[in-house]
Amino acid sequence: MSTNTVANVVRASVARLPQSDTATLDVQVLLATVLNVGRSFFYTWPDKLLDEDALAKFEQLLLRRINGEPIAYIVGEQEFWSLPLKVAPSTLIPRPETELLVETILDKLQLESAKGIDLGTGTGAIALALASEQPNWQILGVDFNHDAVELASKNKQSLSIDNVEFVQSSWLSNVDPKWLNQCDFIVSNPPYIDKKDPHLSQGDVRFEPSSALVADKEGLQDIIDIAQQSLNYLKPDSLLLLEHGFEQGEAVRSILTSFGYQHAATLKDLAGLDRITFASSPK
Ligand code: GLN
């Protein structure tokens with residue numbers, strides 16, 4: 001009979017997660033959470049015996065993962081732009097490809113002071129990343145979901161980032177008029193998946209709020225609304241940046257152009273897929 005050593009428990013648990021292509025990592029992250037250790041523990045202490053209490057707690061977490069729940073929801077945290085963010089089922093789990101939005105803004109706007117809005121901020125990921133990089137910028141994070149606004153505010157507090165505020169609003173409809181024509185940029189990772197997309201019934205997205213994923217008009221309706229509303233909040237010749245699906249680059253460029261934005265361009269993510277489009281508001 002095998003004993004409950006760390007190595008044996010990891011091996012047996014990985015075998016119970018055949019549907020995950022990151023099974024070893026999943027198991028190590030869950031066990032590390034229960035034991036409150038870093039992942040180097042697994043290489044340093046493979047023969048350590050686990051006690052009943054730790055095993056029982058780990059089993060609870062493992063069962064949730066076997067059921068398909070994303071690791072980030074189980075452990076309640078996800079890193080974005082090297083910031084540890086609390087996550088909850090009320091928000092999308094921040095994705096590494098979304099860091100391209102942050103990178104592009106920092107690259108294009110070499111301004112000492114600037115104002116900008118993050119629409120559909122969720123955990124606050126984009127807003128907090130920008131605010132942490134540019135302490136003199138003033139950032140507003142907006143979400144229509146009240147729980148997301150609360151979560152983003154908690155993330156702001158625990159990261160001690162001061163130059164960002166979060167408010168509840170459906171896109172720009174409820175944003176204070178003091179922001180009208182004041183923004184150097186508006187950024188969003190909006191819902192952009194078509195409701196018939198088969199990916200919605202696979203993997204992590206099954207557990208994420210569909211309001212953060214799915215949009216009408218083949219996924220483009222929210223992008224249209226954001227492009228239109230942003231005209232009133234951007235200064236002339238200022239940046240609108242949007243994340244979108246890998247097949248939506250051309251459609252998004254033509255939406256932006258139809259509203260009078262100029263120089264629309266699409267960038268690829270690290271996987272080589274069209275991922276963000278940005279353009280300048282009319283002069
Ligand atoms: N990129 C995410 C996915 O395909 C979706 C994020 C979004 O809709 N904003 O899983």
Side-chain angles (χ1 to χ4, degrees), residues 19-22 26 65 68-74 78-81 85 87-105 117-130 141-145 147-149 151-152 166 169-172 185-227 229-230 240-253 255-256 266-278:
Q19 75 277 34
S20 170
D21 34 2
T22 53
D26 294 356
R65 183 60 187 145
E69 195 172 335
I71 288 286
Y73 287 156
I74 303 175
Q78 171 75 35
E79 203 167 273
F80 180 85
W81 200 263
L85 298 176
V87 298
S90 54
T91 69
L92 201 72
I93 299 164
R95 313 279 205 269
E97 59 266 29
T98 301
E99 294 183 345
L100 182 59
L101 284 171
V102 176
E103 221 177 287
T104 307
I105 294 170
I117 300 180
D118 172 19
L119 293 174
T121 194
T123 57
I126 298 170
L128 291 164
L130 290 168
V142 169
D143 207 287
F144 87 110
N145 179 334
D147 292 341
V149 174
L151 184 72
F166 293 104
S169 169
S170 174
W171 302 136
L172 291 154
F185 69 89
I186 292 179
V187 59
S188 182
N189 173 18
Y192 53 71
I193 301 178
D194 180 67
K195 58 177 172 299
K196 291 195 228 85
D197 191 320
H199 291 108
L200 290 168
S201 54
Q202 296 162 14
D204 284 7
V205 292
R206 290 171 300 161
F207 288 79
E208 295 180 291
S210 73
S211 57
L213 294 165
V214 176
D216 288 341
K217 281 215 176 141
E218 296 174 334
L220 294 168
Q221 186 61 58
D222 288 302
I223 287 176
I224 294 169
D225 294 345
I226 289 169
Q229 295 182 25
S230 294
L240 176 64
L241 307 96
L242 299 163
E243 181 173 321
H244 52 71
F246 71 103
E247 293 171 317
Q248 294 173 327
E250 195 181 336
V252 174
R253 290 195 301 276
I255 290 166
L256 295 183
T266 299
L267 298 179
K268 293 185 192 301
D269 63 18
L270 287 174
L273 301 171
D274 280 1
R275 185 56 62 201
I276 74 171
T277 290
F278 61 94

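Positions are given from 1, in the same order as the sequence printed here. Computed over heavy atoms, backbone and side chain alike; hydrogens, waters and symmetry mates excluded. This structure is a prediction, so every number in the text was calculated from the model and none was measured. Counting starts at 1 for both ligands and their atoms, in listed order.
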Could you list the atoms of ligand 1 found under 4.0 angstrom from a heavy atom of P190? 7 (C), 8 (O), 9 (N)
Should E103 and R275 be marked as a salt bridge (charged side-chain N to carboxylate O under 4.0 Å, His left out) after you check the CA-CA gap, both sets of side-chain angles, and the distance that decides it? CA-CA 13 Å; E103 221 177 287; R275 185 56 62 201; over 6 Å; no
Side chain, backbone, both or neither: the part of D204 lying under 4.0 Å from ligand 1 by heavy atom: neither
State whether the side chain of S230 and the backbone N or O of A227 hold a donor-acceptor pair below 3.5 Å, judged by distance alone. no
So if I count the atoms of ligand 1 from 1 in the order they appear, which ones are less than 4.0 Å from some heavy atom of V205? 10 (O)
Should you measure from each heavy atom of E243, which atoms of ligand 1 turn up under 4.0 Å away? 1 (N)
Using the side-chain hydrogen bond (donor to acceptor under 3.5 Å, both in side chains) definition, which of the options Q248, E243, H244 pairs with Y192? E243
What's the shortest distance from atom 4 (O) of ligand 1 to any protein heavy atom, and which residue and atom give it? I193 CD1, 3.9 Å
Looking at L172, is its backbone amide N or carbonyl O close enough to the side chain of Q229 to form a donor-acceptor pair, meaning the two atoms are under 3.5 Å apart? yes
Less than 4.5 Å apart, any side-chain heavy atom of P191 and any of V214? no
Take every heavy atom of A212, measure it against each atom of ligand 1, and state whether any distance is under 4.0 Å. yes
Any donor-acceptor pair under 3.5 Å linking the side chain of Q19 with the backbone of G68? no
Compute the shortest N/O to N/O distance between R275 and ligand 1 and return yes if it is under 3.5 Å, no if not. no
Applying side chain to side chain donor-acceptor pair (under 3.5 Å) to S20 and D26, what does each step give before you reach the verdict? CA-CA 8 Å; S20 170; D26 294 356; 2.7 Å; yes
Residue and atom name of the nearest protein heavy atom (relative to atom 6 (C) of ligand 1), distance in Å to one decimal: Y192 OH, 3.6 Å
Location of contacts on R95 toward ligand 1, heavy atoms closer than 4.0 Å: side chain
